[in-house]
Peer 1: 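Before we start, here is the structure in question, set down as structure tokens.
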Amino acid sequence: MGRRLGEFTRDNTKCMVRVNGEPLIDRLLTQLSRQQLNRVIIVVGYKTTELKAHIGTRYDGALNIEYAENPVYDKTNNIYSLAIVKDKLQEDDTLLIESDLIFSDRLIPMIVDNPYPNLALVAKYEPWMDGTMVRIDDEQNIVNFISKDAFSYSEAESYYKTVNIYQLSREFSAQKYVPFLDAYTKAVGLNEYYENVLRIISLLNSNDMKALPIGSEKWYEIDDKQDLDIAEALFASEADVLRKYYGRYGGFWRFPQMLDFCYLVNPYFPSRRLKDEMRASFDTLLTEYPSGMKVNTLLASKCFGVSEQYVVPGNGAAELINVLMTACPFKGDECLTGFVRPTFEEYPNRYDKDQQVTFVPQNDDYRYTADDLMSFFNDKNIGQLMLINPDNPSGNFIPKTDVLRLARWCEERGIRLVVDESFVDFSKDYATNSLLSDEILEAHPHLVVMKSISKSFGVPGLRLGIMASADKELIAHAKKEVSIWNLNSFAEYFMQIFGKHEKDYQRACEKFLAERADFEHRLRNVPFLRVMPSQANYFLCEVLPPYNASDIVIRMLKHHNILTRDCSGKPGLNPNKQYMRIAVRNHDDNSRLVEGLLEEVIKK
């Protein structure tokens with residue numbers, strides 16, 4: 001009945017739900033039509049008339065379709081729906097498939113072509129999975145079915161999830177499954193699951209059923225609206241796949257086998273020790289309120305080395321960017337703000353387009369210096385200048401001494417300089433490049449420093465950022481604008497304990513610098529990429545003709561399950577050229593990306 005799918009099943013049965021415009025039942029029957037099958041039996045109940053009308057006679061000549069009806073579908077479970085066709089199970093070898101699935105075209109041939117008579121397709125357990133799990137031995141025998149009630153997270157590493165596609169031999173059904181099915185339904189009732197019968201058989205140590213792991217093949221079970229949303233991304237067409245993924249703005253942990261090279265974080269932090277300490281306090285942090293602004297300001301001051309009066313913590317830098325860009329203290333024409341493009345678009349997106357003055361570097365690598373900015377904006381009547389340093393996506397970096405020179409230049413002209421240093425800890429000599437100190441802030445009261453903690457600290461799920469300035473009025477304004485509980489307990493606790501793990505963080509940054517240098521060298525071996533130098537944790541790459549950035553990004557996602565960013569069309573980039581931004585991950589992930597890119601060279 002699919003109640004959790006709401007309006008999608010109000011007039012349809014679950015198998016009629018459309019994924020990217022195609023009903024599940026249409027996709028499944030098309031996949032089955034490619035096999036040599038005696039017949040297809042569909043057990044119906046809810047919305048029977050609508051389903052039969054939908055299927056109609058479209059598959060005549062390709063499939064011999066029969067129907068069996070469960071008249072008490074709303075009072076029973078799938079064990080009864082299967083019991084209705086138990087005689088059919090004893091007449092033929094059978095594929096048993098649940099109709100709320102979407103899966104790769106390769107799965108049916110995989111199970112049909114396997115010589116073993118009794119098989120269950122299984123997938124290695126991932127956190128999104130729900131329902132029946134199994135344990136298998138070294139010979140792929142299913143040794144136990146794990147019900148929902150028996151599931152243990154401490155043992156999840158040993159579990160496989162049943163994909164709900166089975167192959168049952170006629171002999172197995174007649175001699176074991178159906179007799180046990182009859183006995184089980186008489187003893188326990190009809191509101192049960194047919195997997196419970198398989199579980200009992202597996203406990204007899206008979207090794208009747210083997211598991212067939214599907215590896216990286218795609219599949220999804222659609223029980224609710226979120227499942228439907230994820231399935232639409234997994235099985236999107238090439239024309240639509242990037243919109244489906246990019247439009248999520250994160251949450252890619254729901255696609256655990258996918259490598260995300262859009263994700264701009266430190267691959268070597270947080271350390272296991274820090275995560276263990278966070279984990280040890282999980283119950284308390286989950287069930288207790290966080291502190292308010294006063295305590296969290298104190299923690300931010302301790303963690304990042306600036307006085308409490310100069311810093312405000314935010315629910316990610318995004319919250320503080322919104323406050324900053326609506327707090328321009330200047331009037332009239334002086335409210336013009338200078339931007340450098342290409343850049344992180346969150347800042348200009350939060351500002352009136354008519355009040356923007358934009359500098360675009362006139363070179364192929366999008367390099368620029370403090371002198372370039374001073375020269376360009378010298379005769380522009382701006383009241384505020386935005387600098388992302390290192391910049392995103394170019395990776396351009398202005399050294400600290402030059403940034404301070406720019407700050408003095410801005411101060412002489414009454415210009416507020418905003419420096420976002422979210423990526424500064426990835427720069428060479430990172431330990432001395434930050435502007436976060438009372439001495440610097442007090443010497444430059446027109447300076448505002450923004451920092452996203454997600455990036456270099458590798459904790460985007462905490463939603464933590466800071467804004468610092470000796471402009472006390474701006475900081476006080478920001479503290480009033482955000483809610484009293486703008487940070488969650490996990491972000492607060494991270495700031496509380498970070499000092500104990502600071503040496504691990506420094507080691508992680510050193511390790512990152514070495515990996516970035518190695519990754520850059522290997523990326524330069526990809527013949528269709530022109531790799532630009534970077535002091536951040538990503539590279540802006542020009543995609544050279546005849547290759548196309550969108551095609552490469554789509555092929556990497558569809559063929560290698562790797563998500564990269566097509567930057568072509570980003571404001572400030574040459575509209576006649578193609579660009580990708582590629583994040584730096586750990587060595588194994590980076591190797592997998594380079595191998596995938598080189599495979600695309602061979603295919604071309």
Side-chain angles (χ1 to χ4, degrees), residues 15 17-40 42 59 62-63 92-126 128-129 131-134 136 139-140 142 159-169 209-222 227-228 230-241 244-245 254-259 551 553-563 592 595-596 599-600 602-603:
C15 69
V17 169
R18 293 174 180 268
V19 178
N20 297 323
E22 181 181 26
L24 287 171
I25 190 66
D26 291 15
R27 179 185 175 97
L28 175 57
L29 291 175
T30 299
Q31 289 170 321
L32 292 176
S33 70
R34 301 180 186 128
Q35 305 299 315
Q36 299 298 314
L37 303 175
N38 292 336
R39 56 186 169 181
V40 173
I42 303 176
Y59 294 92
L63 293 172
D92 288 301
D93 296 338
T94 300
L95 285 175
L96 174 60
I97 305 173
E98 296 194 10
S99 65
D100 57 359
L101 299 174
I102 184 169
F103 50 83
S104 160
D105 288 344
R106 289 182 285 271
L107 289 197
I108 296 295
M110 181 185 294
I111 195 169
V112 169
D113 295 341
N114 191 285
Y116 202 79
N118 304 304
L119 284 168
L121 292 185
V122 299
K124 198 77 178 73
Y125 171 75
E126 301 285 359
W128 64 266
M129 297 174 180
T132 301
M133 307 290 163
V134 297
I136 63 178
E139 296 180 349
Q140 308 298 317
I142 295 178
Y159 293 162
Y160 286 79
K161 170 71 178 75
T162 54
V163 176
N164 297 331
I165 300 176
Y166 299 87
Q167 179 171 276
L168 308 177
S169 69
M209 180 160 287
K210 288 186 180 289
L212 182 57
I214 65 171
S216 60
E217 294 293 340
K218 293 181 180 179
W219 73 286
Y220 220 82
E221 182 178 9
I222 300 174
D227 291 340
L228 178 58
I230 293 170
E232 291 207 325
L234 279 172
F235 291 90
S237 66
E238 289 197 358
D240 209 28
V241 65
K244 295 283 189 180
Y245 277 90
R254 295 185 178 90
F255 306 88
Q257 294 183 7
M258 184 182 74
L259 274 184
D551 289 345
V553 170
I554 290 171
R555 291 177 71 84
M556 290 298 291
L557 182 57
K558 300 290 277 188
H559 300 162
H560 307 282
N561 210 8
I562 295 175
L563 183 65
R592 182 172 150 190
E595 289 167 5
E599 281 186 29
E600 294 309 313
I602 296 170
K603 290 175 184 176

Peer 1: Looking only at non-hydrogen atoms, find the nearest pair between I136 and A211 and report the distance.
Peer 2: CG2-CB, 3.4 Å

Peer 1: Would a distance-only check, ignoring hydrogens and angles, find a side-chain to backbone donor-acceptor pair under 3.5 Å from K210 to E139?
Peer 2: yes

Peer 1: Nearest heavy-atom pair of N118 and S169: which atoms, and what distance?
Peer 2: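 Smallest heavy-atom distance, with atoms named: OD1-N, 2.8 Å.
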
Peer 1: Please report the closest heavy-atom contact between G215 and Q257, naming both atoms and the distance.
Peer 2: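 Minimum heavy-atom separation between G215 and Q257: O-NE2, 3.8 Å.
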
Peer 1: Would you compute the distance between atom CD of E126 and atom OH of Y160 and round it to the nearest 0.5 angstrom?
Peer 2: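 Atom-to-atom, E126:CD and Y160:OH are 11.0 Å apart.
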
Peer 1: Report yes if some heavy atom in the side chain of R592 is under 4.5 Å from a heavy atom in the side chain of N561; otherwise report no.
Peer 2: yes

Peer 1: Show the nearest heavy-atom pair for residues A120 and I142, with the distance to one decimal.
Peer 2: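 Shortest heavy-atom separation between A120 and I142 comes out as CB-CD1, 3.9 Å.
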
Peer 1: Under a 4.5 Å cut-off applied to non-hydrogen side-chain atoms, are L212 and Q140 in contact?
Peer 2: no

Peer 1: Report the C-alpha separation of D227 and E221 in whole Å, then their side-chain angles, then the decisive distance to 0.1 Å, and conclude whether the side-chain contact (heavy atoms from CB on, under 4.5 Å) test is met.
Peer 2: CA-CA 7 Å; D227 291 340; E221 182 178 9; 5.9 Å; no

Peer 1: Where is the tightest heavy-atom contact between P213 and M110, given as atom of each residue plus distance?
Peer 2: O-SD, 4.3 Å

Peer 1: For the side chain of R27 and the backbone of F103, is there at least one donor-acceptor N/O pair under 3.5 Å apart?
Peer 2: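 A pair under 3.5 Å: yes.
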
Peer 1: Measuring from atom CG of N38 to atom CG of L63, what distance do you get when rounded to the nearest 0.5 angstrom?
Peer 2: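 With rounding to 0.5 Å, CG (N38) is 11.5 Å from CG (L63).
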
Peer 1: Counting only heavy atoms not in R39, do more than 12 sit closer than 6.0 Å to its CZ atom?
Peer 2: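 Counting neighbours around CZ of R39, more than 12 heavy atoms of other residues, nucleotides or ligands fall under 6.0 Å, so yes.
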
Peer 1: When you measure from the side chain of T162 to the backbone of T132, do you find a donor-acceptor pair of N or O atoms at a distance under 3.5 Å?
Peer 2: yes

Peer 1: Is there a side chain to side chain donor-acceptor pair (under 3.5 Å) between D93 and Q167 once you walk through the steps?
Peer 2: CA-CA 7 Å; D93 296 338; Q167 179 171 276; over 6 Å; no

Peer 1: Measuring from L29:CG to L24:CG, what's the distance to the nearest 0.5 Å?
Peer 2: 11.0 Å

Peer 1: Heavy-atom distance under 4.5 Å between the side chains of H559 and E600, does that happen here?
Peer 2: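 Counting from C-beta outward, H559 and E600 do come under 4.5 Å.
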
Peer 1: Identify all side-chain donor-acceptor contacts of residues 94-102 below 3.5 Å with residues at least two apart in sequence or on another chain.
Peer 2:
residue: T94; atom: OG1; partner: D92; partner atom: O; Å: 3.2
residue: E98; atom: OE2; partner: Y194; partner atom: OH; Å: 2.6
residue: D100; atom: OD2; partner: K14; partner atom: NZ; Å: 3.0

Peer 1: Under 3.5 Å, is there a donor-acceptor pair between the side chain of E232 and the main chain of N20?
Peer 2: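 Such a contact is found between E232 side chain and N20 backbone.
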
Peer 1: Which distance, rounded to the nearest 0.5 Å, do you find between the CG of L234 and the OG of S104?
Peer 2: 11.5 Å

Peer 1: I want to check something: taking the side chain as every heavy atom from C-beta on, are Y166 and M209 in contact at a cut-off of under 4.5 Å?
Peer 2: yes

Peer 1: Shortest non-hydrogen contact from K124 to Y159?
Peer 2: NZ-O, 3.6 Å

Peer 1: What's the spacing between I108 CD1 and D113 CG if we round to 0.5 Å?
Peer 2: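 It is 10.5 Å, given to the nearest 0.5 Å.
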
Peer 1: Heavy atoms, side chains only, cut-off 4.5 Å: are I214 and K218 in contact?
Peer 2: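 No, too far: nothing below the 4.5 Å cut-off.
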
Peer 1: Would you say the side chain of H560 lies within less than 4.5 Å of the side chain of E595, judging by non-hydrogen atoms?
Peer 2: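 Contact flag for E595/H560 side chains = no.
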
Peer 1: Is the backbone N or O of D26 less than 3.5 Å from a side-chain atom of Y59, with the two atoms forming a donor-acceptor pair by type?
Peer 2: yes

